[in-house]
There are 2 protein chains.
Amino acid sequence: MVESTTTIYDVARVAGVSMATVSRVVNGNANVKEKTRQKVLDAIAELDYRPNAVARGLASKRTTTVGVILPTITSTYFAAITRGVDDIASMYKYNMILANSDNDVEKEGKILETFLSKQVDGIVYMGSSLDEEVRTALKNTRTPVVLVGTIDGDKELPSVNIDYHLSAYQATTKLAKNGNKKIGYIMGSLTDAENIERMVGYQEALIESGLEFDEELVFEGNYSYEQGKVLVERLLDRGVTGVVVAHDTVAVGVLSALMAKGVKVPEDFEIIAGSNSPITQYTYPSLTSVNQPLYDLGAVAMRLLTKLMLKEEVEENQLILDHEIIERQSTK
Amino acid sequence: MVESTTTIYDVARVAGVSMATVSRVVNGNANVKEKTRQKVLDAIAELDYRPNAVARGLASKRTTTVGVILPTITSTYFAAITRGVDDIASMYKYNMILANSDNDVEKEGKILETFLSKQVDGIVYMGSSLDEEVRTALKNTRTPVVLVGTIDGDKELPSVNIDYHLSAYQATTKLAKNGNKKIGYIMGSLTDAENIERMVGYQEALIESGLEFDEELVFEGNYSYEQGKVLVERLLDRGVTGVVVAHDTVAVGVLSALMAKGVKVPEDFEIIAGSNSPITQYTYPSLTSVNQPLYDLGAVAMRLLTKLMLKEEVEENQLILDHEIIERQSTK
DNA sequence: TTGTACGCGTTATCAG
DNA sequence: CTGATAACGCGTACAA
């Protein structure tokens with residue numbers, strides 16, 4: 001196999017046609033006589049010719065590649081979304097360049113630069129906190145961008161999310177109905193639009209349930225399991241008997257710490273996790289969870305992106321997918 | 001921001017030099033007078049010029065992109081490895097095109113074709129079963145390939161793994177020493193070289209521990225949680241009191257089913273998981289696990305790949321990383 | 001130290 | 001239906 005880059009010219013020569021015709025055949029252009037098409041196809045098979053996508057990209061200004069930027073692929077939350085993105089992407093013949101940002105503004109900036117220099121046709125962005133700087137950069141690009149699980153406060157950038165406000169309201173109400181008087185909430189930074197929505201939903205639910213809002217019961221938990229274990233101490237100190245945890249990994253940490261302390265779940269303490277990523281089913285007791293349709297979020301986002309890339313009409317930029325609360329063993 | 005693709009020529013014009021000089025500056029070529037370099041830099045800043053990586057790739061025949069092919073990114077096992085790959089990749093200025101194969105031969109073939117047509121500089125392959133067809137294709141490519149967590153029976157393709165034989169031996173021995181008389185093993189398909197190694201280690205440990213090998217106690221478990229739950233019935237039926245489970249997700253399924261049945265872990269049943277992916281710490285009781293250094297496996301593989309891509313000398317192609325058994329709560 | 005000119009492998013336009 | 005030929009944006013010998 002001496003494979004020294006056989007080009008479209010080689011194929012043309014062997015098939016006895018011009019390279020233009022070969023190009024037509026390769027690209028499925030209809031204007032080719034069946035007989036010549038067959039000659040070309042034979043030559044392609046004979047030479048084991050494979051089109052060079054880079055050259056193609058240069059000439060056509062399309063790379064059939066989209067950039068995906070996310071905090072870290074090791075999170076089952078982002079992994080599930082990403083799987084949805086990839087499935088739809090490959091369905092539309094796109095590939096995915098993936099980059100982990102650790103939600104670091106500087107890294108995000110660099111990744112964005114790289115993606116643009118690589119001429120990606122579109123970008124899928126995930127990141128709990130959408131920094132102002134990054135947001136501006138995203139808006140100033142000609143390249144289509146879709147946010148997933150991330151809210152742009154101004155609702156300018158296309159995005160796919162669930163109704164965080166409603167989900168927080170429902171989860172809190174559920175805990176209230178189960179008789180909990182002190183209900184905690186662990187979410188990400190309150191500077192994120194997404195969490196502001198959650199906060200409002202939480203407060204509304206408390207009020208409607210005749211409970212008092214106490215900011216001491218709201219905690220900022222990042223993505224870590226350890227964080228969850230640490231927060232349990234404070235939850236218990238403050239008399240909390242039920243908690244809604246936005247990030248699943250943190251929820252698992254909370255559960256583990258409670259179990260280790262001998263606190264009975266759900267008898268003495270109830271937990272509702274926030275995104276129904278796979279791990280919520282793996283724990284024992286399994287975690288009641290807000291079911292964010294993660295795979296679908298990714299799939300829908302990618303579908304939206306294809307429309308944007310192909311300049312199709314898009315009636316609505318801000319997509320909201322349905323969620324539900326899946327009852328498992330961590331609530332009564 | 002009228003951004004109509006400013007090229008190297010525009011920069012040259014503004015800076016009053018030739019495009020060759022601009023190219024030199026952009027590529028950090030030393031042979032440029034400091035003064036002109038500065039002029040060029042200014043022009044670049046003024047025009048907000050960004051090199052076109054596609055054109056660059058065509059001219060230089062290097063894309064600074066590697067292709068990563070894996071069964072599914074939703075597995076914490078592969079996700080952890082992938083994170084290691086990406087960190088080292090970006091350290092060396094490479095990007096990662098990611099594709100999920102579901103371990104399907106046909107998909108793998110297509111992905112490989114796509115990667116090659118996109119002119120990736122190298123390929124990282126993960127997949128429990130390395131199909132003969134795929135293996136051949138991988139070997140016939142000029143593009144460097146590194147396998148991770150995957151064994152090439154012939155040891156021809158460069159790879160990074162742990163010693164599966166030894167790990168199986170140790171885990172089995174541990175359960176034997178703890179007094180278990182019937183020890184089960186759940187692994188993937190026995191057609192995979194990796195699992196054959198496990199099988200041998202398992203058998204050796206049994207013999208040395210004076211226990212009998214019974215093929216009825218070896219199960220083929222794929223990656224699913226559900227599978228683990230199903231297998232528990234059979235394990236119990238056959239009097240097994242301790243099991244080694246190669247795939248963590250399956251191990252979690254086993255644990256959950258046992259807990260649900262009221263079987264005490266580790267008192268009445270012991271479990272050792274196979275790869276120490278994050279979920280093994282998240283369960284309660286947490287899972288004793290063979291600690292495969294997943295992140296490192298990915299990092300080392302990518303490092304090896306950079307050497308291959310840069311045609312550096314590589315003394316050893318078959319890398320084996322150390323593992324250990326991390327004691328948690330699922331063993332006595 | 002800097003500039004010229006060609007090539008990388010395709011796509012796309014325009015004749016014919 | 002088919003064939004020249006000019007881009008696409010950049011790297012790089014070869015000259016100067």
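Lettering of chains follows the sequences in order, A, B, ..., and the numbering in each one begins at 1. The analysis underlying the following values was restricted to heavy atoms, covering all of them including side chains, and did not include hydrogens, waters or symmetry mates. It should be emphasised that the depicted structure is a prediction, and the values quoted were computed from it without experimental measurement.
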Q. DNA chain D: A:G16 or B:I8, which has the more 5' nearest nucleotide?
A. A:G16

Q: Determine the contact category for B:N31: base if any of its heavy atoms lies under 4.0 Å from a base atom, sugar-phosphate if only primed atoms, P, OP1 or OP2 are that close, otherwise nothing.
A: base

(Q) Using the side chain to side chain contact (heavy atoms under 4.5 Å, CB included) definition, which of the options A:V66, A:I111, A:V68 pairs with A:L98? (A) A:V68

Q. What is the distance from CE of A:M19 to P of C:dC14, rounded to the nearest Å?
A. 17 Å

Q | Length of the line joining B:L116:CG and C:dG9:P, which is rounded to integer Å | A | 15 Å

Q | OP1 or OP2 of C:dT2 under 4.0 Å from side-chain N/O of B:T36 | A | yes

**Q.** Residue whose nearest DNA chain D nucleotide is more 5′ - B:A59 or A:K33
**A.** A:K33

Q: Work out which heavy atom in A:Q318 is nearest to a heavy atom in A:K155; give both atom names and the distance.
A: NE2-O, 3.1 Å

Q: Start with the C-alpha distance between A:K118 and A:T65, add both sets of side-chain angles, then the distance that settles side-chain hydrogen bond (donor to acceptor under 3.5 Å, both in side chains), and finish with yes or no.
A: CA-CA 9 Å; A:K118 292 214 169 175; A:T65 300; over 6 Å; no

Q.
Quick check on D:dC8: is either OP1 or OP2 less than 4.0 Å from any side-chain nitrogen or oxygen of A:S60?
A. no

Q) Quick check: are there more than 12 heavy atoms from other residues, nucleotides or ligands sitting under 6.0 Å from CD of A:Q38? A) yes

Q: Please report, rounded to the nearest Å, how far the P atom of C:dT10 is from the CG atom of A:N29.
A: 17 Å

Q) Are any of B:T21's side-chain N or O atoms less than 4.0 Å away from OP1 or OP2 of C:dG3? A) yes

**Q.** Atom-to-atom span, CG of B:L58 to P of C:dG7 - whole angstrom
**A.** 14 Å

Q.
Taking only side-chain N and O atoms of A:N27, does any of them lie within less than 4.0 angstrom of OP1 or OP2 on C:dT11?
A. yes

Q) Separation of B:R62 atom CZ from C:dG7 atom P, in whole Å? A) 23 Å

Q. So, does the side chain of B:R50 form a donor-acceptor pair with the base of D:dG9 at under 3.5 Å?
A. no

Q: Would you classify A:V17 as touching base, sugar-phosphate or nothing, given that sugar-phosphate means primed atoms plus P, OP1 and OP2, and contacts are heavy atoms under 4.0 Å?
A: sugar-phosphate

Q: Using whole Å, report how far CD of A:Q119 lies from C1' of C:dT10.
A: 15 Å

Q | Residue mapping more 5' on DNA chain C - nearest nucleotide basis, B:Y9 or A:R56 | A | B:Y9

Q) Is B:T7 near enough to D:dG9 that one of its side-chain N or O atoms lies under 4.0 angstrom from OP1 or OP2? A) no

Q: Using a heavy-atom cut-off of under 4.0 Å over every strand shown, decide if B:S23 touches base, sugar-phosphate, or nothing.
A: base

Q) Roughly how many Å is it from CZ in B:R13 to C1' in C:dG3, rounded to a whole number? A) 17 Å

Q. Of B:K61 and B:A20, whose closest DNA chain C nucleotide lies nearer the 5' terminus?
A. B:A20

(Q) To check you understand the geometry: which heavy-atom pair defines the closest contact between A:A15 and A:A43, and what is its length? (A) CB-CB, 3.8 Å

Q | Donor-acceptor pair present, B:R24 side chain and C:dG3 base, under 3.5 Å | A | yes

(Q) Can you see whether A:S189 engages A:T191 through a side-chain donor-acceptor pair at a distance of less than 3.5 angstrom? (A) yes

